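Because the structure is a prediction, the values reported are computed rather than measured. All values below come from the heavy atoms of this structure, side chains included, with hydrogens, waters and symmetry mates left out.
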Amino acid sequence: MKFETKKDRERQKKACDKFCSVFDLLSIDKGEYSKVDYDLNNKNGYFIGSLEVKGCPDRKIEDSLTCQVAMRKLIDLQKYQNQTKKPAAICWAFEDGIVYERIENLFGTFKMGGRKPRAGSHHDIELMVSVEIKNLTKYYY
């Protein structure tokens, strides 16, 4: 079951657009059910990597100490990176900007966590990684 809303997708697109503007890239949305959100191309149309966007709704960068991501998502990104032989990055979308890093440069702590279980969801409680924002690159909208 998919729980992502239209508003979530709009926030994700805004964050991807900001990321791409910083690096002068073009994004290709991989689709709602893809394990990776975007492929990234340079201005000549060559595939150069991928991007996953995680939402941090109703939070500002400076009001947050950490970002969370499921270990399962990092494994999916690593598999895709190995398959394509191109770098993968992860980006967290805040109300006032983005924070990001390439997955091979991430470090953090992990623990069992997630959210209150929802009917039909298999991944609400799982291994989660917490990454300190001070170790990520920030760009504001």
Side-chain angles (χ1 to χ4, degrees), residues 1-43 45-141:
M1 183 176 283
K2 195 74 171 167
F3 293 97
E4 204 169 54
T5 67
K6 181 180 178 188
K7 187 175 179 181
D8 294 334
R9 298 279 295 161
E10 289 168 356
R11 182 183 307 108
Q12 178 178 304
K13 176 71 171 125
K14 181 179 177 181
C16 178
D17 289 347
K18 178 62 177 177
F19 184 90
C20 287
S21 73
V22 169
F23 295 103
D24 200 25
L25 299 173
L26 303 170
S27 65
I28 299 166
D29 191 329
K30 302 271 296 160
E32 190 174 354
Y33 293 97
S34 177
K35 292 186 181 225
V36 176
D37 291 328
Y38 297 94
D39 278 343
L40 302 173
N41 290 355
N42 65 18
K43 293 292 182 175
Y46 294 105
F47 172 69
I48 62 152
S50 57
L51 179 68
E52 176 68 21
V53 180
K54 306 309 298 173
C56 298
D58 306 320
R59 290 175 54 197
K60 292 187 176 183
I61 294 170
E62 298 304 323
D63 295 337
S64 305
L65 297 175
T66 61
C67 296
Q68 283 70 44
V69 61
M71 181 82 71
R72 170 183 46 83
K73 180 53 69 178
L74 293 176
I75 292 168
D76 288 343
L77 286 168
Q78 184 181 32
K79 284 180 182 177
Y80 193 68
Q81 180 173 270
N82 290 341
Q83 174 191 348
T84 64
K85 309 248 186 297
K86 300 292 183 187
I90 186 164
C91 167
W92 286 268
F94 287 84
E95 291 299 315
D96 58 343
I98 62 172
V99 297
Y100 74 91
E101 186 55 80
R102 286 171 57 158
I103 63 168
E104 67 268 17
N105 297 331
L106 288 176
F107 60 94
T109 58
F110 69 92
K111 66 179 178 176
M112 190 62 90
R115 63 183 304 158
K116 182 179 176 185
R118 300 166 289 183
S121 176
H122 302 286
H123 300 294
D124 285 338
I125 303 296
E126 60 184 323
L127 280 173
M128 299 293 292
V129 176
S130 181
V131 180
E132 291 185 35
I133 288 178
K134 69 180 183 182
N135 297 321
L136 301 170
T137 302
K138 303 173 196 171
Y139 283 99
Y140 293 92
Y141 295 130

Item to check | For the student: nearest non-hydrogen atoms of Ser27 and Lys13, plus distance | outcome: OG-NZ, 4.0 Å

Checklist entry - Considering only heavy atoms from C-beta outward, does the side chain of Trp92 approach that of Arg59 to under 4.5 Å? => result no

Next on the checklist: Restricting to side chain to side chain donor-acceptor pair (under 3.5 Å), what partner residues turn up for Asn105, sequence neighbours left out?
Outcome noted: Glu101

Item to check | Partners meeting side chain to side chain donor-acceptor pair (under 3.5 Å) with Glu104 (sequence neighbours left out) | outcome: Arg102

Item to check | Value rounded to 0.5 Å, distance of OH in Tyr38 from SG in Cys16 | outcome: 4.5 Å

Item to check | 4.5 Å side-chain heavy-atom contact, Val99 and Cys67 | outcome: yes

Item to check | Partner residues of Phe23 under the ring pair (Phe, Tyr, Trp, His ring centres under 6.0 Å) criterion, sequence neighbours left out | outcome: Phe19, Tyr100

Item to check | Rounded distance (nearest 0.5 Å) linking atom CG of Asn42 with atom CG of Leu26 | outcome: 8.0 Å

Next on the checklist: Going by the rule side chain to side chain donor-acceptor pair (under 3.5 Å), which residues pair with Lys86 if we only count those two or more places apart in sequence or in a different chain?
Outcome noted: none

Checklist entry - Could you give all pairs that pass the salt bridge (charged side-chain N to carboxylate O under 4.0 Å, His left out) test and reach residues 68-84, with sequence neighbours left out? => result Lys35-Asp76, Glu52-Lys73, Arg72-Glu126

Checklist entry - Is there a side-chain contact between Arg9 and Gln12 (heavy atoms, below 4.5 Å)? => result yes

Without placing hydrogens or testing angles, list every side-chain donor-acceptor pair under 3.5 Å for residues 128-140, not counting sequence neighbours.
residue	atom	partner	partner atom	Å
Ser130	OG	Gln68	NE2	3.2
Glu132	OE1	Lys134	NZ	3.3
Tyr140	OH	Glu62	OE2	2.2

Checklist outcome for this item: Tightest non-hydrogen contact, residues Ala93 and Ile98, listed as CA-CG2, 4.4 Å

Item to check | CG-CD1 distance between Leu74 and Ile103, expressed to the nearest 0.5 angstrom | outcome: 7.0 Å

Next on the checklist: On a heavy-atom basis, which atom in Asp37 and which in Val53 lie closest, and how many Å separate them?
Outcome noted: OD2-N, 2.8 Å

Checklist entry - If we only count heavy atoms from C-beta on, is the Lys60 to Phe94 side-chain gap below 4.5 Å? => result no

Next on the checklist: Take a 6.0 Å sphere around NZ of Lys111 and say whether it holds more than 12 heavy atoms from other residues, nucleotides or ligands.
Outcome noted: no

Checklist entry - So Arg11 and Asp8, salt bridge (charged side-chain N to carboxylate O under 4.0 Å, His left out) or not? Walk me through it. => result CA-CA 5 Å; Arg11 182 183 307 108; Asp8 294 334; 3.3 Å; yes

Checklist entry - Which pair of heavy atoms, one from Ile48 and one from Pro87, lies closest together, and at what distance? => result O-CD, 3.3 Å

Next on the checklist: Between Asp39 and Lys30 (side chain of the first, backbone of the second, donor and acceptor by atom type, cut-off under 3.5 Å), is there such a pair?
Outcome noted: no

